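What follows is a single structure, written as structure tokens, with notes after it.
Bear in mind the structure is a predicted one, so any value in this text is a computation, not a measurement. These numbers come from the heavy atoms of this one structure, side chains and all, not from hydrogens, waters or symmetry mates.
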Amino acid sequence: MIDPKKIEQLARQVHDSMPKGIREFGDDIEKKIRQTLQAQLSRLDLVNREEFDVQTQVLLRTREKLAALEQRISELEKRGTSPESGVATAAPTIPAQDS
């Protein structure tokens, strides 16, 4: 969810950027802007920076594990062993076909 302090800051910036005549309506307008921003931003599928950083680290670790597993499978295939059993597999033979 969006940090309420960020919404407060954004609402204040919008309020401060309004012409002076409109701004004189005071806190009521700023409060309404804040409520509208909160309502609209909550409809968006957003995550905060902390959640994003955590998921980035999870993805990085997952990619590292995947790369290690791919390397291991490649090494096992080069040695001619089955990754599931660890047993050497013979190359399949193709029966000769008579013409």
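Pairs passing the salt bridge (charged side-chain N to carboxylate O under 4.0 Å, His left out) check and including a residue from residues 56-65, sequence neighbours excluded, do not occur.
For the residue pair Q71 / E75, a side-chain donor-acceptor distance below 3.5 Å is found, with atom types taken as modelled.
Between D53 and E50, every side-chain heavy-atom pair lies at or beyond the 4.5 Å cut-off. Side-chain contact between L60 and Q57 is present, with at least one heavy-atom pair separated by less than 4.5 Å.
When the side chains of ILVMFWY residues are joined at heavy-atom separations under 4.5 Å, either directly or via intervening members, L37 and L44 end up in a single hydrophobic cluster.
Every residue was checked against the side chain to side chain donor-acceptor pair (under 3.5 Å) condition with Q40, not counting sequence neighbours, and none meets it. Under the side chain to side chain contact (heavy atoms under 4.5 Å, CB included) criterion, Q13 pairs with Q9, L10, sequence neighbours left out. Under the rule for a side chain to side chain contact (heavy atoms under 4.5 Å, CB included), the partners of L66 that lie at least two apart in sequence or sit in another chain are E70.
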